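The chains referred to below are lettered A, B, ... by the order of the sequence lines, with proteins before strands, and numbering in each begins at 1. This is a predicted model, so every value here is computed, not measured.
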Amino acid sequence: MSLEKILKKIKNEFEVAIKTAKFNGNTYDNGNKAKEALIRSQKIINYIHDFVKEDFIRAGVAKNKIYPPVKHTNPELKIQGFLKAKNQDIAIVPDKALIKKTSEHFSEVEKILSVNVRSQLSSLAKNIDTLYERTFAEALNLHLSYPKQVLGEVYLIPTHEYDDKAMLKNKIVFKKVSKIENYIKMFQAINRRGSANKNEYKYERVCLLIVDFKNKSPKLYSDVASLIKDGLVPPNTSLTLENLAINNFADDLLSIYNDRFGEGKLN
DNA sequence: GATCGACCAATAGCTCCTTG
DNA sequence: CAAGGAGCTATTGGTCGATC
């Protein structure tokens, strides 16, 4: 499925939950509660998981090396990092034998390519700093144990967050424009870890999906010029979405992977 | 007196374990 | 081996002091 279609589906399901206070055959007290159930079911984020998985397959990765497989939500691979073990949203495993080794520290485990995927559609401003901490702690947790491991992160944010108060009354209301600049700045700061022996807090490649859900067909922003044109970041901004957009996401990760571990291990 | 920023806490749905 | 419960986590809502 194309990303455009997926975003449309996400918008639709999210807004239907808010407007009807229903999700998955259950009726909730209000639209906000139904939306919570939808988010917590992981249904929405799983669309993005599958998109990323499909993109890896397009880029040459073997289907059977991806965990959980396309269209499946388990088994997730739990990898023991420096401080804690954590399930990986998308893991690409060069050799099946590694799967049994992820609960302890085996150096070959670093050959597993891992991508985490998350979203935040409301309360962005309030939580930006919780997000900072979580996001970079997760890369650290793995890189401190596995310095060469190739890590990716995909984060979906709206240009205008959904208003949580309006949801209580089953209304779709968008707040004024999100602090998109802050998000870009923060993700650029932890993006493109080039060398395997430093900057453990960085990801090898991050993708920030900036989407305007106010449009009937949600609009995905892949360059700063468009953001400026639509008044979403100041015209004089020095920021860029270079290496932060979805274009070449899988290819970039694979290219770093191939440099570190040799060509073709994931095909 | 409205908005912002920083920090904390809650909770549903999932997974996994236990128990009968 | 089903049912129930405990534990974990992602996401986001509440609050309070600072700042505009």
Visitor: Strictly below 4.0 Å, N to O, side chains only: are A/Arg118 and A/Glu138 in salt-bridge contact?
Guide: yes
Visitor: Taking the ring of A/Phe23 and the ring of A/Tyr28, is the distance between their centroids below 6.0 Å?
Guide: no
Visitor: For DNA chain B, which residues in residues 124-137 of chain A have a heavy atom at a distance below 4.0 Å?
Guide: A/Lys126, A/Asn127, A/Asp129, A/Thr130
Visitor: Using atom NZ of A/Lys78 as one end and atom C1' of B/dC17 as the other, report the distance to the nearest whole Å.
Guide: 12 Å
Visitor: With nearest nucleotide decided by heavy atoms, which residue, A/Glu36 or A/Asn74, maps closer to the 5′ end of DNA chain B?
Guide: A/Glu36
Visitor: Ignoring hydrogens, what is the shortest heavy-atom contact between A/Lys101 and A/Glu108? Give both atom names and the distance.
Guide: NZ-OE2, 3.0 Å
Visitor: Does a side chain donor of either A/Glu181 or A/Thr237 reach within less than 3.5 Å of an acceptor in the other side chain?
Guide: yes
Visitor: From CG of A/Leu121 over to P of C/dT11, roughly how many Å is that when rounded to an integer?
Guide: 9 Å
Visitor: Nearest to the side chain of A/Ser122, which nucleotide is it out of C/dT9, B/dT15, C/dT12?
Guide: C/dT12
Visitor: Quick one: A/Glu181 CD to B/dC4 P, roughly how many Å, whole number?
Guide: 15 Å
Visitor: Separation of A/Leu156 atom CG from C/dT12 atom C1', in whole Å?
Guide: 15 Å
Visitor: Within the pair A/Lys165 and C/dG14, is there a side-chain N or O less than 4.0 Å away from OP1 or OP2?
Guide: yes
Visitor: A/Ser119 side chain N/O closer than 4.0 Å to the phosphate oxygens (OP1, OP2) of C/dA10?
Guide: no
Visitor: Nearest whole Å is fine: how far is B/dT3 C1' from A/Lys175 NZ?
Guide: 11 Å
Visitor: Could you pick out which residue, A/Glu76 or A/Lys33, lies toward the 5' side of DNA chain B when each is mapped onto its nearest nucleotide?
Guide: A/Lys33
Visitor: Charged N to carboxylate O below 4.0 Å: is that the case for A/Arg205 and A/Asp252?
Guide: yes
Visitor: Calculate the interatomic distance between A/Phe14 atom CZ and C/dT11 atom C1'; express it in whole Å.
Guide: 10 Å
Visitor: If you take any heavy atom closer than 4.0 Å to DNA chain B, which residues from residues 38-54 of chain A end up in contact?
Guide: A/Arg40, A/Ser41
Visitor: What's A/Asn32 touching, base or sugar-phosphate or nothing? Going by heavy atoms closer than 4.0 Å.
Guide: sugar-phosphate
Visitor: Could you tell me how far apart A/Ile18 (CD1) and C/dT11 (P) are, to the nearest whole angstrom?
Guide: 16 Å
Visitor: Is the distance between the ring centroids of A/Tyr67 and A/His72 under 6.0 Å?
Guide: no
Visitor: Looking at C/dA10, I'd like to know if its phosphate oxygens (OP1 or OP2) sit under 4.0 Å from a side-chain N or O belonging to A/Lys86.
Guide: yes
Visitor: Thinking salt bridges, do A/Glu36 and A/Arg40 make one under a 4.0 Å N-O criterion?
Guide: yes
Visitor: In whole angstroms, how far is the C1' atom of C/dA10 from the CD atom of A/Glu153?
Guide: 12 Å
Visitor: Using heavy-atom distances to pick each residue's nearest nucleotide on DNA chain C, tell me which of A/Asn87 and A/Lys35 is more 5'.
Guide: A/Asn87
Visitor: Where do A/Ala125 and A/Glu161 come nearest, in terms of heavy atoms and distance?
Guide: N-OE2, 3.5 Å
Visitor: For A/Asn215 and A/Ser217, which I'm curious about, is there any donor-acceptor pair between the side chains at under 3.5 Å?
Guide: no
Visitor: Under a 4.0 Å threshold between the charged nitrogen and the carboxylate oxygen, would A/Asp230 count as salt-bridged to A/Lys219?
Guide: yes
Visitor: If you pin A/Asp89 and A/Asp164 to their nearest nucleotides in DNA chain C, which one's is more 5'?
Guide: A/Asp89
